[in-house]
Amino acid sequence: MGEASGLPMPSAAPDTLNRTLVIECATEACSVALFEGDTLSLVDARHEVLGRGHAERLIPMIAELPEKGRAGHICVSLGPGSFTGVRIGIAAARALGIAWGAHVTGYPTLALIAAGAQSGSRPVTVCMEGGHSQWFIQNFDGRGGAQDLVQSLPYPEAAKACRHPVIAGNRAAALAQLLEDGREVIEISADARHFPFLHHNTLTDDLTPLYGRAPDAKPANTLASQPQKPTQ
């Protein structure tokens, strides 16, 4: 990335090394936030619900931040969510990490949603659109720690996996309606501004995408390795 990508590379400034740039584009929302120091004081942020178009919007959003978003630490959503959005975010974080000499880490998308919904430190079940008539679902304790692995489940199975009286996410209302037992709903999308509230064990140096389910298409080499029926 450089001038051709629409993101000029400014010269290093003393205060940028102690900043954290957070990138979130694994869902229908695209957001970036810039934080200052160990206390993660918010410097500036952008948040837009796009649906599509993350590849075109992400870099300009970062460029709109002070000092073009430059930071010594970059943290990016690993998913699950949109396969394309996850890859776009990780690719951008890796490229900026190389250009700026920044440390790049990742976090799970549903953990960020839980962090944004846990007013009063309440346990919460996160329910997000998963595609293919399924929802991504995961339960979190009152401190934001994951209580189980994220699952992509058909709607009735997702309802069975819901543990808590508070449901958050872009399919929270749909899940609550399916349960019909008066659970509290927090309609919320993933937002980079909620990064300071993430559980302390959430960050990882492993930038492997968390797709939440197996890919729809089988690799060609897998198909080729299957035994063939003998010809008659």
Side-chain angles (χ1 to χ4, degrees), residues 24-31 47-52 54 76-90 106-195 197-204 206 208-218:
E24 171 56 65
C25 61
T27 69
E28 76 280 3
C30 184
S31 63
H47 182 271
E48 299 178 16
V49 178
L50 301 175
R52 297 178 181 273
H54 295 68
V76 60
S77 174
L78 302 176
S82 161
F83 282 27
T84 302
V86 170
R87 291 193 297 267
I88 289 169
I90 293 175
Y107 62 87
T109 306
L110 272 66
L112 183 68
I113 296 169
Q118 287 178 313
S119 175
S121 300
R122 301 171 296 176
V124 62
T125 297
V126 175
C127 184
M128 293 290 295
E129 177 60 48
H132 300 273
S133 298
Q134 296 189 355
W135 291 327
F136 291 124
I137 191 160
Q138 192 171 17
N139 296 286
F140 295 85
D141 63 28
R143 298 170 298 169
Q147 296 176 306
D148 49 16
L149 297 176
V150 62
Q151 300 179 78
S152 181
L153 298 172
Y155 306 153
E157 296 301 317
K160 294 178 183 178
C162 180
R163 296 185 187 179
H164 300 304
V166 180
I167 310 172
N170 63 6
R171 292 297 176 265
L175 178 56
Q177 185 175 10
L178 191 62
L179 289 166
E180 295 183 325
D181 58 5
R183 304 199 191 203
E184 181 180 349
V185 169
I186 302 176
E187 285 281 353
I188 188 174
S189 61
D191 191 329
R193 290 173 293 186
H194 296 149
F195 176 77
F197 307 112
L198 275 173
H199 190 274
H200 64 278
N201 286 335
T202 301
L203 300 187
T204 176
D206 182 359
T208 303
L210 304 173
Y211 290 129
R213 65 171 188 268
D216 301 324
K218 292 183 178 180

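What you are looking at is a predicted structure, and each value in this text was computed from that prediction instead of being measured. Position 1 is the first residue of the sequence, and the numbers go up from there.
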Response to the item:
When every non-hydrogen atom of Ala111 is compared with those of Thr202, the smallest separation belongs to CB-CG2, 4.0 Å
Item to complete: Taking all heavy atoms of Arg143 and all of Gln118, pick out the closest pair and write down the distance.
Response: C-OE1, 4.3 Å
Response to the item:
So CZ of Arg171 and CZ of Phe136: to nearest 0.5 Å the spacing works out to 12.0 Å
Worksheet item: What distance do Met128 atom CE and Trp135 atom CH2 have between them, rounded to the nearest 0.5 Å?
Response: 12.5 Å
Worksheet item: Between the side chains of Thr204 and Asp206, is a donor N or O closer than 3.5 angstrom to an acceptor N or O?
Response: no
Worksheet item: Taking the side chain from Arg183 and the backbone from His164, do they hold a donor-acceptor pair closer than 3.5 Å?
Response: yes
Fill in: Asn201 backbone acceptor or donor facing His199 side chain under 3.5 Å
yes
Worksheet item: Rounded to the nearest 0.5 Å, what separation is found between the CZ atom of Phe197 and the OG atom of Ser121?
Response: 10.5 Å
Worksheet, complete the sentence: When every non-hydrogen atom of Gly79 is compared with those of Val86, the smallest separation belongs to CA-CG2, 3.7 Å
Worksheet item: Residues two or more places apart in sequence or in another chain: which of them pass side-chain contact (heavy atoms from CB on, under 4.5 Å) with Ala190?
Response: Glu24, Thr27, Thr109, Leu112, Ile113
Worksheet item: Ser77 versus Tyr107: any side-chain heavy-atom pair under 4.5 Å?
Response: yes
Fill in: Pairwise side-chain contact, Ser189 with Glu28, heavy-atom cut-off 4.5 Å (strictly under)
yes
Fill in: Interatomic spacing from NE2 in His54 to CZ in Arg87 - rounded to 0.5 Å
13.0 Å
Item to complete: Mark yes or no for whether Asn170, through its side chain, and Glu129, through its backbone, hold a donor-acceptor pair below 3.5 Å.
Response: yes
Discussion item. Tell me the closest heavy-atom pair linking Gln134 and Pro154, and the distance in Å.
Written reply: CG-N, 3.8 Å
Discussion item. Nearest 0.5 Å, please: how far is CG in Leu179 from SG in Cys162?
Written reply: 5.5 Å
Worksheet item: Do Asp148 side-chain atoms and Asn139 backbone N/O form a donor-acceptor pair below 3.5 Å?
Response: yes
Response to the item:
Ala114 and Val124 have their tightest heavy-atom pair at CB-CG1, 3.9 Å
Practice prompt. Please round to the nearest 0.5 Å and tell me the distance separating atom SG of Cys30 and atom NE2 of His47.
Written response: 9.0 Å
Item to complete: With Ile137 as reference, evaluate Leu153, Leu110, Val150 under the side-chain contact (heavy atoms from CB on, under 4.5 Å) test and give the passing residue.
Response: Leu153
Worksheet item: Take atom CD in Glu187; do more than 12 heavy atoms of anything else shown fall under 6.0 Å from it?
Response: yes
Fill in: Minimum-distance pair of heavy atoms, taken over all atoms of Ile188 and Ala117
CD1-N, 4.1 Å
